[in-house]
Amino acid sequence: MLQTQNIFEKEFAKETIFLDRNMITPHYTPKVLPFRETYIEDISNLVSKTLKGQKADNLFIYGKTGTGKTSVTKHVMEQLLEFASQKNLPVEGNYVNCRNHNSKYRILVKIVKEFYPEENFLGFSAAFVYEKLLDYARKEKHLVLVLDEIDKVKDLDELVYGLTRCNDELDKGSISIIGISNNLMFKDRLDPRTKSSLCQHEMIFPPYNAQELSEILEQRTEIAFKPDSVEGSAIHLAAAIAAQESGDARTAVMLLLHAGEISDKKGLRKVTDLEVKKAKKKVEEELIFNMISTLPEQQQLVLYAISSLSVEKKPMHKITGAIEVGVLFSGEIYDEYCRLSKKFKETTVSARWYRQYISELEMYGLIVSTNSGKGIKGQTRLIKLGFDAEKIKGLIEKELAT
Ligand SMILES: Nc1ncnc2c1ncn2[C@@H]1O[C@H](COP(=O)(O)OP(=O)(O)OP(=O)(O)O)[C@@H](O)[C@H]1O
Ligand SMILES: [Mg+2]
């Protein structure tokens with residue numbers, strides 16, 4: 001009889017240099033977070049008030065992407081809740097990623113659903129859900145709510161106002177907020193009252209340097225890869241690349257993950273500099289695409305206008321005779337943006353907000369801009385896309401279609 005092999009047999013038997021691949025994915029929250037000890041201590045200090053039956057002050061954490069904000073906060077919360085449950089103290093927490101829950105209503109529903117797992121709240125009014133949250137806290141509970149990527153919340157002023165007001169209505173029990181964002185400019189959009197209540201305390205996480213990233217990667221390599229399967233120079237190279245780009249630990253971790261995958265695919269027993277260099281391109285693309293897909297819709301539209309115009313536009317002749325490719329005038333982008341926002345039946349923001357969005361896109365490194373000087377059409381702002389226009393345009397088209 002013909003013996004057929006299960007199609008997964010071959011895949012399953014493949015040699016791999018990973019000991020535990022999960023440990024080197026960006027989703028894994030490490031138990032040890034070097035170079036963040038003082039931040040861990042400061043946050044613990046703040047939230048520890050709840051263990052003594054008091055309200056903790058609200059905290060706003062800001063720092064560029066991959067600086068450990070989410071990992072550190074989750075770690076502190078885990079420890080807090082573990083301690084509270086061991087000592088039987090009425091402290092509870094809730095973590096919400098506002099990228100997935102981007103309005104006051106959705107956030108409140110997500111929170112109360114965790115506090116009342118057996119009930120269903122979808123379809124109930126915001127006021128009802130809010131009352132449920134209050135009822136829960138009234139049982140003398142001290143709640144710490146972590147709102148990660150808080151800049152994604154459309155009606156943040158109302159949310160913060162509502163949650164702060166809760167405390168006025170509570171005799172016992174309290175609600176505290178830890179807001180996290182990698183977008184500093186978003187604070188300017190907030191109502192001054194929201195800003196002052198959310199930012200009772202502020203903390204800024206700095207980027208990591210190459211030395212720190214090397215140590216972070218060395219620790220991770222030990223648990224994620226089989227012994228001696230990553231060359232020391234490959235670790236240093238990954239750290240150096242990530243430090244140079246942004247000081248972002250996520251980039252560093254992803255570089256090693258992809259380098260490991262490349263080695264596995266080729267049946268190699270080690271990760272060397274070469275695999276890290278190959279991984280660089282892939283990681284850069286992934287990070288850009290990930291960033292674009294998390295931008296608010298209005299910013300996606302501005303970026304869409306820039307990429308569409310860049311694809312269409314002919315090279316520009318400067319007065320000096322030099323030729324520039326892909327350089328756009330700020331005004332023409334705004335016109336295109338207005339046209340597109342109507343086409344997609346979105347609201348159209350004012351020119352002032354548009355300039356704010358341009359600054360933010362530049363902060364993310366998606367575009368570069370300069371003042372034209374006197375060479376072209378008087379003084380105007382010139383804008384250029386930082387990455388391949390066709391690719392970015394295609395990606396946003398997909399995003400806008402969903
Ligand atoms: N101090 C550290 N030690 C070990 N790993 C770290 C450290 N800081 C960050 N990382 C790793 O880097 C990755 C990104 O960290 P994290 O998600 O905490 O960044 P973030 O500041 O929240 O970024 P973003 O603004 O993009 O959400 C995670 O996979 C985490 O494992
Ligand atoms: Mg984060």
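First listed ligand is number 1; within each ligand, the first listed atom is number 1.
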Which segment of F35 sits under 4.0 Å of ligand 1 when only heavy atoms are counted: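 Neither; no heavy atom under 4.0 Å.
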Ligand 1 versus R220: contacting region, heavy-atom distance under 4.0 Å: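 Contact part for R220 vs ligand 1: side chain (C-beta onward).
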Nearest-contact summary for [atom] - protein heavy atom, Å:
{"atom": "atom 17 (O) of ligand 1", "answer": "R250 NH2, 3.2 Å"}
{"atom": "atom 4 (C) of ligand 1", "answer": "I216 CG2, 3.4 Å"}
{"atom": "atom 21 (O) of ligand 1", "answer": "K69 NZ, 2.7 Å"}
{"atom": "atom 23 (O) of ligand 1", "answer": "G66 N, 2.8 Å"}
{"atom": "atom 30 (C) of ligand 1", "answer": "S71 OG, 3.5 Å"}
{"atom": "atom 3 (N) of ligand 1", "answer": "P34 CD, 3.3 Å"}
{"atom": "atom 26 (O) of ligand 1", "answer": "T65 OG1, 2.4 Å"}
{"atom": "atom 9 (C) of ligand 1", "answer": "A249 CB, 3.5 Å"}

Is the closest side-chain heavy-atom distance between [X] and [Y] below 4.5 Å?
{"X": "I61", "Y": "I178", "value": "yes"}
{"X": "Q300", "Y": "L400", "value": "yes"}
{"X": "I177", "Y": "V146", "value": "no"}

Plane angle bin for Y354 and Y334 - parallel if under 30°, tilted between 30 and 60°, otherwise perpendicular: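 Taking Y354 first and then Y334, their aromatic rings sit tilted (interplane angle of 30° to 60°).
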F344 and Y304 aromatic ring geometry - parallel, tilted or perpendicular at 30°/60° bounds: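 Taking F344 first and then Y304, their aromatic rings stand perpendicular (interplane angle over 60°).
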Contact check: [X] vs ligand 1, nitrogen or oxygen atoms, below 3.5 angstrom:
{"X": "N182", "value": "yes"}
{"X": "V253", "value": "no"}
{"X": "P30", "value": "no"}
{"X": "T67", "value": "yes"}
{"X": "P26", "value": "yes"}
{"X": "V72", "value": "no"}

Whether Y208 lies under 4.0 Å from ligand 1, heavy atom: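 The answer is yes: ligand 1 sits under 4.0 Å from a heavy atom of Y208.
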Salt-bridged, [X] to [Y], with N to O below 4.0 Å?
{"X": "E275", "Y": "K278", "answer": "no"}
{"X": "K141", "Y": "E92", "answer": "yes"}
{"X": "K74", "Y": "E78", "answer": "no"}
{"X": "R165", "Y": "D168", "answer": "no"}
{"X": "E261", "Y": "K265", "answer": "no"}
{"X": "E149", "Y": "K152", "answer": "yes"}

Lys/Arg cation over aromatic Y116: K132, 6.0 Å, 45° cone: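 Positive - K132 is close enough to the ring of Y116 and near enough to its axis.
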Contact check: T65 to the Mg ion (ligand 2), N/O/S below 2.8 Å: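 Here the distance criterion (N, O or S atom, under 2.8 Å) is not met by T65, so no.
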Closest to atom 22 (O) of ligand 1 (judged by heavy-atom distance), picking from D248, V32, T70: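 Comparing heavy atoms across D248, V32, T70, the nearest one to atom 22 (O) of ligand 1 lies in T70.
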Ligand-residue contact atoms, ligand 1 with Y28, heavy atoms, under 4.0 Å: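 It comes down to these atoms of ligand 1: 29 (O), 31 (O).
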